[in-house]
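This report refers to the structure that appears directly beneath it.
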Amino acid sequence: MAIAIGDKLPAATFKKFGADGMVDIGSDDLFTGKKVVLFAVPGAFTPTCHEQHLPGFVRHAADLKAKGVDEIVCVAVNDPFVLKAWEEQSGVGDAIKLLSDGNADFTRAVGMDVALTGPFLGTRSKRYAMLVEDGVVKDLMVEDNPGAVSVSGAEELLAKL
Ligand code: BEZ
């Protein structure tokens with residue numbers, strides 16, 4: 001069953017490249033005591049994710065943080081090597097943490113997995129955004145069409161904060 005507003009996020013571990021190589025990032029470190037915007041994309045470098053969804057959050061990262069958001073994280077069912085390349089090519093800097101959920105464990109645990117077999121992407125994440133406070137989902141916007149950004153973009157989130 002998909003996660004809903006009011007639910008606590010499940011414990012999870014993500015991977016990310018840092019200055020010293022690949023590291024594990026646990027959900028406790030990410031969410032405890034913090035206000036976090038988490039958005040998820042079907043894939044690094046796919047057209048909508050690369051040209052619309054991620055750039056919107058890069059553009060509005062400072063605006064979101066000015067509204068009290070401590071951290072912005074992007075989760076994708078891609079391996080950490082691909083996410084490192086995406087981060088470097090997208091000018092993300094320190095504004096957003098791009099986290100690999102390469103085995104889709106978190107994505108399945110929150111019920112957001114989708115079989116994108118048509119375009120040969122395999123199991124990926126639905127496109128969504130959530131506002132998480134101290135590990136609890138306070139707002140959640142899930143796209144019906146994973147190839148479009150209509151409710152899960154940075155501007156939509158900003159308007160709600
Ligand atoms: C995209 O453009 O982001 C996309 C393409 C195919 C499937 C899902 C998303």
Side-chain angles (χ1 to χ4, degrees), residues 1-5 7 9-10 12-18 22-23 25 27 30-31 36-65 67 69 71-132 137-161:
M1 205 164 82
I3 195 137
I5 293 171
D7 290 348
L9 286 178
T13 303
F14 304 94
K15 286 202 187 283
K16 177 177 177 27
F17 270 97
M22 200 165 356
V23 292
I25 299 194
S27 46
L30 269 180
F31 299 117
V36 177
V37 165
L38 182 158
F39 70 102
V41 295
F45 294 111
T46 63
T48 309
C49 305
H50 188 62
E51 291 159 18
Q52 289 183 46
H53 209 185
L54 180 60
F57 279 94
V58 173
R59 263 196 322 274
H60 290 295
D63 303 324
L64 288 163
K65 290 185 178 173
K67 294 242 182 183
V69 172
E71 197 88 74
I72 304 168
V73 303
C74 173
V75 172
V77 181
N78 285 118
D79 68 65
F81 303 94
V82 165
L83 285 187
K84 178 171 181 271
W86 199 32
E87 182 177 303
E88 287 168 357
Q89 291 190 30
S90 300
V92 168
D94 292 332
I96 302 169
K97 279 196 169 92
L98 262 56
L99 302 180
S100 166
D101 182 34
N103 297 328
D105 293 332
F106 172 79
T107 298
R108 283 197 187 92
V110 294
M112 291 292 171
D113 52 304
V114 59
L116 293 176
T117 48
F120 271 38
L121 273 69
T123 298
R124 294 295 177 101
S125 175
K126 290 183 182 175
R127 188 185 304 283
Y128 64 91
M130 53 171 71
L131 178 66
V132 183
V137 180
K138 294 290 180 185
D139 205 353
L140 174 64
M141 286 70 65
V142 186
E143 301 287 354
D144 291 333
N145 172 2
V149 180
S150 57
V151 294
S152 66
E155 286 178 12
E156 286 76 21
L157 244 147
L158 255 181
K160 291 173 140 225
L161 286 174

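Owing to the predicted nature of the structure, the values given are computational and were not obtained by experimental measurement. Start at 1 and go down the list; that is how both ligands and their atoms are numbered.
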Within a distance under 4.0 Å of any heavy atom of [X], pick out the atoms of ligand 1 and give their elements.
| X | answer |
| --- | --- |
| P47 | 1 (C), 2 (O) |
| P146 | 9 (C) |
| R127 | 1 (C), 3 (O), 9 (C) |
| C49 | 3 (O) |

Tell me if the CG atom of D144 is crowded by more than 12 foreign heavy atoms within 6.0 Å. no

Sub-3.5 Å donor-acceptor pair from the side chain of E143 to the main-chain atoms of V151, do we have one? yes

Heavy-atom donor-acceptor pair, S27 side chain to A12 backbone, under 3.5 Å: yes

[atom]: the protein heavy-atom neighbour that sits closest, reported with distance to 0.1 Å:
| atom | answer |
| --- | --- |
| atom 5 (C) of ligand 1 | T46 CB, 4.2 Å |
| atom 2 (O) of ligand 1 | T48 N, 2.8 Å |
| atom 6 (C) of ligand 1 | P119 CG, 4.2 Å |

Evaluate E156 against K160 for salt bridge (charged side-chain N to carboxylate O under 4.0 Å, His left out), listing each step before the verdict. CA-CA 7 Å; E156 286 76 21; K160 291 173 140 225; over 6 Å; no

Can a non-hydrogen atom of H50 be found less than 4.0 Å from any atom of ligand 1? no

With T123, the side-chain contact (heavy atoms from CB on, under 4.5 Å) member among V114, T107, D113, V77: D113

Only one of L64, V73, V37, V58 forms a side-chain contact (heavy atoms from CB on, under 4.5 Å) with I96, so which one is it? V58

